S.K.: 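Pasting in a structure now, in structure tokens, and then I'll have a few things to ask.
Below, chains carry the letters A, B, ... as their sequence lines are ordered, and counting in each starts from 1. Here the structure is a predicted model, which is why all the values come from computation and not from measurement.
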Amino acid sequence: MARARGRLRIVSWNINSVRLRAGLLPELVRALAPDVLCLQETKCPDDAFPHAEAEALGFRHRLVRGMKGYNGVAVLSRRPIAPLPEQPDWCGRGDCRYLGVSVDVPGEPLALHDFYVPAGGDIPDPEANPKFAHKLAFLAEATEWTRRAPPRRAVLLGDLNIAPLPEDVWSHRELLDVVSHTPVETEALTRWQRAGGWVDGVRRFVPEGEKLFTWWSYRARDWAASDRGRRLDHVWVSDDLAGALAGHAVLKPARGWANPSDHVPVMVELAL
DNA sequence: ATGGTAGAGATTCTA
């Protein structure tokens, strides 16, 4: 697909099993034409990753970090990519929730951080729920990591599993005690963002106050009719790239595809 | 107040 020189389309998608949904990738490419596609919840050991399907779509450069059954992240790219020298193992669990890559773009390379933040279980109390404690510890570690090395020419994206703004959920009042929108989580996410001067790329295009969701539960009878969504997936850019933000998309129709993920792809375009 | 669905892989966990 032809486009202006120096433009880079970056997509984040929690695909919820890359083996089950590799057949949806052509549809995604038709809709958003990503140059770099970052996946989460691939649920796929590295030796079983569907490389041939990605290669056939023109993603000649791929880095994957997966495991059996759970988690898993991957970066598929039309441009050359290389692993960043630092690959933090958040909370020391080795659970495949992060992949840092350097992307070959015009000018200096771009640093890209693909995250799958722990969902945190059902009970929003770190004393009663170890999964929630893990989520908060992960966020604290990532905040300190950002503080130690302020980002430049960098993109941080993925399923951050938190809807930070009142308009990032279908009902702010009803979700205040629901994991993903509790004050302790939204404040932690805001601290992380501010620690690095990260800019919320999508909210540069969709003003606060306007509802915006990237995830709809599988459990709804009719996800589109009830529209009880949350914005759990994010694309942040370092503040030196704020002026390069050139476009965005949230591919809501993907939630209605056959055998869909419960998350939809989120795209940001940069003019580099 | 409750339960609802989906995926992986093993008879249950995670989301």
Side-chain angles (χ1 to χ4, degrees), chain A residues 12-25 27-28 38-50 53 64-74 90-98 114-126 128-139 157-164 168-171 173-182 184-186 188-189 213-234 251-266:
Chain A
S12 174
W13 189 23
N14 179 322
I15 194 169
N16 188 15
S17 173
V18 70
R19 283 177 286 182
L20 193 66
R21 277 181 254 286
L24 295 177
L25 291 174
E27 197 67 34
L28 170 59
C38 300
L39 301 174
Q40 305 89 33
E41 275 206 276
T42 55
K43 297 184 176 176
C44 179
D46 290 350
D47 61 8
F49 194 91
E53 289 86 337
V64 302
R65 178 171 292 153
M67 61 192 288
K68 194 166 94 172
Y70 309 107
N71 308 327
V73 288
W90 311 100
C91 303
R93 296 189 178 218
D95 57 3
C96 303
R97 292 181 178 275
Y98 170 81
D114 183 11
F115 274 90
Y116 175 49
V117 171
D122 291 330
I123 304 164
D125 174 1
N129 174 11
K131 286 188 266 192
F132 196 71
H134 177 213
K135 185 177 197 175
L136 297 181
F138 189 107
L139 294 165
L157 56 73
D159 178 4
L160 304 185
N161 262 317
I162 296 173
D168 291 338
V169 293
W170 63 274
S171 168
R173 184 177 57 82
E174 293 188 58
L175 270 75
L176 275 171
D177 59 353
V178 173
V179 171
S180 73
H181 195 61
T182 65
V184 66
E185 292 169 86
T186 58
L189 193 70
F213 311 140
T214 66
W215 173 90
W216 292 261
S217 172
Y218 283 127
R219 297 177 186 177
R221 282 189 193 86
D222 183 334
W223 71 274
S226 57
D227 199 23
R228 294 186 169 191
R230 308 177 199 170
R231 187 170 73 112
L232 305 180
D233 304 273
H234 302 272
L251 194 62
K252 185 172 179 179
R255 186 60 180 79
W257 290 347
N259 297 312
S261 170
D262 45 354
H263 296 252
V264 300
V266 178

S.K.: In whole angstrom, what separates Glu185(A)'s CD from dA15(B)'s P?
M.R.: 13 Å

S.K.: What is the separation between atom CG on Asp262(A) and atom C1' on dT5(B), rounded to the nearest whole Å?
M.R.: 9 Å

S.K.: For a quick test of reading the model, state the closest non-hydrogen atom pair linking Cys44(A) to Arg19(A) and the distance between them.
M.R.: SG-NE, 3.7 Å

S.K.: Which pair of heavy atoms, one from Asn14(A) and one from Glu41(A), lies closest together, and at what distance?
M.R.: ND2-OE1, 3.0 Å

S.K.: Assign Arg97(A) to base, sugar-phosphate, or nothing according to its heavy-atom contacts below 4.0 angstrom with the strands shown.
M.R.: sugar-phosphate

S.K.: Taking the P atom of each, how far is dG3(B) from dG7(B), in whole Å?
M.R.: 22 Å

S.K.: Considering only atom C1', compute the distance from dG9(B) to dA15(B) and round it to an integer number of Å.
M.R.: 16 Å

S.K.: In whole angstroms, how far is the C1' atom of dG7(B) from the CG atom of Asn71(A)?
M.R.: 13 Å

S.K.: Between dT14(B) and dA10(B), how many Å separate the two C1' atoms, rounded to a whole number?
M.R.: 14 Å

S.K.: Of Asn259(A) and Tyr70(A), whose closest DNA chain B nucleotide lies nearer the 5' terminus?
M.R.: Asn259(A)

S.K.: Considering heavy-atom distances to DNA chain B, does His263(A) or Val18(A) have its closest nucleotide positioned more toward the 5' end?
M.R.: Val18(A)

S.K.: In whole angstrom, what separates Asn14(A)'s CG from dA6(B)'s C1'?
M.R.: 12 Å

S.K.: Starting from C1' on dA15(B), measure out to CG on Leu232(A) and report it in whole angstrom.
M.R.: 11 Å

S.K.: Tyr116(A) has a side chain; which of dA15(B), dG7(B), dA10(B) sits nearest to it?
M.R.: dA15(B)

S.K.: Determine whether the aromatic ring centres of residues Phe115(A) and Trp90(A) are separated by less than 6.0 angstrom.
M.R.: yes

S.K.: Could you state the CH2-C1' distance from Trp223(A) to dG4(B), rounded to the nearest angstrom?
M.R.: 18 Å

S.K.: In whole angstrom, give the distance that lies between atom CE of Met67(A) and atom C1' of dG7(B).
M.R.: 14 Å

S.K.: Quick one: which of dA10(B), dT14(B), dT5(B) gets closest to the side chain of Lys68(A)?
M.R.: dA10(B)

S.K.: Between the base of dA8(B) and the side chain of Arg19(A), is one N or O donor paired with an acceptor at under 3.5 angstrom?
M.R.: no

S.K.: Heavy atoms, side chains only, cut-off 4.5 Å: are Leu160(A) and Leu232(A) in contact?
M.R.: no

S.K.: Are Ser17(A) and dA8(B) close enough that a side-chain N or O sits under 4.0 Å from OP1 or OP2?
M.R.: yes

S.K.: Would Arg255(A) and Trp216(A) count as a cation-pi pair here, with the cationic atom under 6.0 angstrom from the ring centre and within 45° of the axis?
M.R.: no

S.K.: What is the distance, rounded to the nearest whole Å, between atom CG of Asn16(A) and atom P of dA6(B)?
M.R.: 11 Å

